[in-house]
Amino acid sequence: MQERLRARVVRAGRPERILRVAGLDAHYDPKLRRSVGAAVLLSWPECVLEESALACRSTDFPYVPGLLSFREAPVLLAALALLRTRPDLLFVDGQGYAHPRRFGLACHVGLLAGIPAIGVAKSRLVGEFREPGAAAGAQSPLYDREEVVGAVVRTRAGTRPLFVSVGHGIALEAAVALVLAACRGYRLPEPTRLADHLSRAARR
DNA sequence: GCGACAG
DNA sequence: ATCTTGTCGC
């Protein structure tokens, strides 16, 4: 019992062994009313692309702030399922815990896939914050209703910060550290950046 | 009533 | 998310 509890605490802090990570992103095509989801597999901590997969689905569910999961989770999970190797961690494009009901896209995808996940959003959904420092690596807490729901992270100087939050099976501090460790001079961490490129190119 | 609002 | 020209900066 004691061992089991300890194991849960450790796993909730940070995945014990990360060998591969995956980036998930989707793009919607209003003309065809369909969305393309991309999953890229990268080695860790090198972040070298090893595999990629694409999934396509017609989407009828509209975009409603707070309900993004119902629109994007299906394609992302479909793309993820196509990867031949199972990643140890997911970088999901969107909020995780930093959500009105504390359960954004990264939470849904991570839980349903049974894989630790980090929410990496390019803009804010909820919460207030003070602008983080100008240097890369600077961060400040994101508060919503007296609670820290995420972190606003400057991944690159001269660009807008990213909104990092817990998705599944990982602590916020670890999530922020992993996001910064996955950056290679660009605003977006490699997993997210490569998944974005792939889903964008596949839409054509 | 008004403004905010991941992708 | 998408549409869309030029433009500022490294």
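Just so we're on the same page: letters track the sequence lines, and every chain starts at 1. What you see below is based on every heavy atom in this structure, not just the backbone, and it leaves out hydrogens, waters and symmetry mates. Every value quoted in this text rests on a predicted model; they were computed, and no experiment measured them.
Counting any heavy atom pair closer than 4.0 Å across all strands shown, A/Gly119 reaches no nucleic acid atom. As judged by a 4.0 angstrom heavy-atom cut-off over every strand, A/Leu67 is placed among the base-contacting residues. Nucleic acid contact class of A/Ala26 (heavy atoms, under 4.0 Å, all strands): sugar-phosphate only.
Comparing B/dA6, B/dG7, C/dA1 by their nearest atom to the side chain of A/Gln95 picks out B/dA6. Of the listed nucleotides (C/dA1, B/dG7, B/dC5), C/dA1 has the atom at the smallest distance from the side chain of A/His27.
Between A/Arg57 and A/Pro74 there is a side-chain heavy-atom pair separated by less than 4.5 Å. Side-chain contact check for A/Ile18 versus A/Leu178: some heavy-atom pair is nearer than 4.5 Å.
For the pair A/Asp196 CG and B/dG7 P, the computed distance is 10 Å after rounding to whole Å. Here the P atom of nucleotide B/dC5 and the NE2 atom of A/His99 are 15 Å apart, to the nearest Å. Remark: C1' of B/dA6 and CG of A/Leu142 are 12 Å apart, rounded to the nearest angstrom. Whole-Å rounding puts the A/Phe91 CZ to B/dA6 P distance at 22 Å. The distance from atom CG of A/Asp93 to atom P of B/dA6 is 12 Å, rounded to the nearest whole Å. Rounded to an integer number of Å, the gap from CZ of A/Arg71 to C1' of C/dT2 is 11 Å. Atom CZ of A/Phe163 is separated from atom P of B/dA6 by 10 Å (rounded to the nearest Å). Distance CZ (A/Arg33) to C1' (C/dT2): 16 Å, rounded to an integer number of Å.
For an aromatic pair to be called close, the ring centres must be under 6.0 Å apart, and A/Phe163 with A/Phe129 satisfies this.
For the OP1/OP2 pair of B/dG7 and a distance below 4.0 Å, the side-chain nitrogens and oxygens of A/Lys122 include at least one atom meeting the criterion. Applying the 4.0 Å criterion to OP1 and OP2 of B/dG7, one finds that A/Ser123 has a side-chain N or O inside that range. Contact between the side-chain N/O atoms of A/Arg200 and the OP1/OP2 oxygens of C/dA1 is found at a separation under 4.0 Å. For B/dA4, the OP1/OP2 oxygens have no side-chain nitrogen or oxygen of A/Arg124 closer than 4.0 Å.
Between A/His108 and A/Phe103, the ring-plane angle classifies as perpendicular under the 30° and 60° cut-offs.
Using a cutoff of 4.0 Å between basic side-chain nitrogens and carboxylate oxygens, A/Asp144 and A/Arg102 are scored as salt-bridged. With salt bridges taken as basic N to acidic carboxylate O contacts below 4.0 Å, one links A/Asp93 and A/Lys122. Of the charged side-chain nitrogens involved, none lies within less than 4.0 Å of a carboxylate oxygen, so that A/Glu51 and A/Arg20 do not count as a salt-bridged pair.
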**Message:** Dot-bracket, 5' to 3', for DNA chain B please: Watson-Crick or G-U pairs under 3.5 Å, [ ] where pairs cross earlier ones, | where the partner sits on another strand, dots elsewhere.
**Reply:** .......
